[in-house]
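Below, each value reflects all heavy atoms present in this structure, side chains not excepted, and no hydrogens, waters or symmetry copies.
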Amino acid sequence: MKILVSGASGYLGHQLIAFFSNKHTVAGLSRRVISGDDNWLQINTLEKDWLIKVKEFAPDVIINTVTCYGRNNESLSTMVESNILFPLYLLEAVLPGGNVFINCGTSLPAQTNQYALTKHQFVDLAKSRLHNESINTSFINLKLEHFYGEFDADSKFTSMLIRKCLANENINLTAGVQKRDFIYLSDLLSAFEVIINHQSSFETFDEVDVGSGESVSLREFAELVRRSTGSKSVLNFGAIESRSNELMYSCADTTRLNAMGWFRKYSHEDAIAEIVRKEKQ
């Protein structure tokens, strides 16, 4: 199978390429050259002919991981370019079809913030594009929950918690009553594999919840990280005010994934231990 992954230099994109490149022929899209990786084809999206190269690669599966969260105060236009325009260019490049386009979307409601809004707008536009004509392409939107894993960026809540606890640093947090669904990277990658292996069971446009299927409060998760790492960090709950539009509950319905044979393998305790082990190597 030929798999194309956009966002090859991003955390999830790079992990997907490493996961699939030993089993399939893989190409990755990125704005920069990634040295040391010669077991997959690199396509630089800054080059004028990148869309032509995508068509020549003729992927069976396309996985779009390109995302701008707005965490670094990016402009709205930058978010629109990353979350709407780029994936639209990519989708139209692989039409008229005969393939599967897997979009890494979000479980957040569109009104949560500009990131969520732009991610939803792309999905709406893609749905309209596919339904306006007879196209043999399946579009699967993954409503991703909060995934975490080893060597992720410190800007991620989970990575920040683990590393500060390991360093015994005090951590300022909100009250932590909001609940989230956290899924470990290895479980997330296996979910991608199951979805690809069952691609024929999806409609022209389809959506799938992807998470652990368990919701825990941020306070519970933070306390678990502190216990699991044996940390002396002080968790200052309530030191930071919650956002006015804070989502208070999110949890994936994994019924469909379970029906395809996917089940979560890692508890949070096991996942945290695995992250600590790998980052200390």
Would you please say whether a donor-acceptor pair under 3.5 Å links the side chains of Gln42 and Ser30?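 Side chains of Gln42 and Ser30: no pair found under 3.5 Å.
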Is it the case that Thr137 and Asn99 place a side-chain donor and acceptor less than 3.5 Å from each other?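 On atom types as modelled, these side chains qualify, holding a pair under 3.5 Å.
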Tell me, which pairs form a side chain to side chain donor-acceptor pair (under 3.5 Å) where one or both residues lie in residues 184-193, sequence neighbours left out?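 Residue pairs passing side chain to side chain donor-acceptor pair (under 3.5 Å), neighbours aside: Lys23-Glu193, Glu150-Tyr184, Ser190-Trp262.
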Please walk me through it: do Arg31 and Glu81 pass salt bridge (charged side-chain N to carboxylate O under 4.0 Å, His left out)? CA-CA 14 Å; Arg31 287 187 173 185; Glu81 180 182 2; 3.4 Å; yes
With sequence neighbours excluded, tell me which residues meet ring pair (Phe, Tyr, Trp, His ring centres under 6.0 Å) with Phe147.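 Result, ring pair (Phe, Tyr, Trp, His ring centres under 6.0 Å) vs Phe147: none returned.
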Does the gap between the ring centers of Phe86 and Trp50 come in under 6.0 Å?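 Between Phe86 and Trp50, the centre distance is under 6.0 Å.
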Partners meeting side chain to side chain contact (heavy atoms under 4.5 Å, CB included) with Arg219 (sequence neighbours left out):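 In terms of side chain to side chain contact (heavy atoms under 4.5 Å, CB included), with neighbours along the sequence ignored, Arg219 is linked to Ser217, Glu223, Phe237.
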Identify the residue among Phe202, Phe139, Phe205 that makes a ring pair (Phe, Tyr, Trp, His ring centres under 6.0 Å) with Phe101.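 Per the ring pair (Phe, Tyr, Trp, His ring centres under 6.0 Å) rule, the option paired with Phe101 is Phe139, out of Phe202, Phe139, Phe205.
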Find the distance between [atom1] ([X]) and [atom2] ([Y]) and round it off to the nearest 0.5 Å.
X      : Y      : atom1 : atom2 : value
Ile52  : Glu47  : CD1   : CD    : 11.0 Å
Ile275 : Arg163 : CD1   : CZ    : 8.5 Å
Ser228 : His268 : OG    : NE2   : 10.5 Å

Could Lys156 and Tyr148 be counted as a cation-pi pair, given that NZ or CZ must be under 6.0 Å from the ring centre and within 45° of the axis?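 No, Lys156 does not lie over the aromatic ring of Tyr148.
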In terms of the angle between their ring planes, are Phe221 and Phe182 parallel, tilted or perpendicular, with boundaries placed at 30° and 60°?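 Ring orientation of Phe221 relative to Phe182: parallel.
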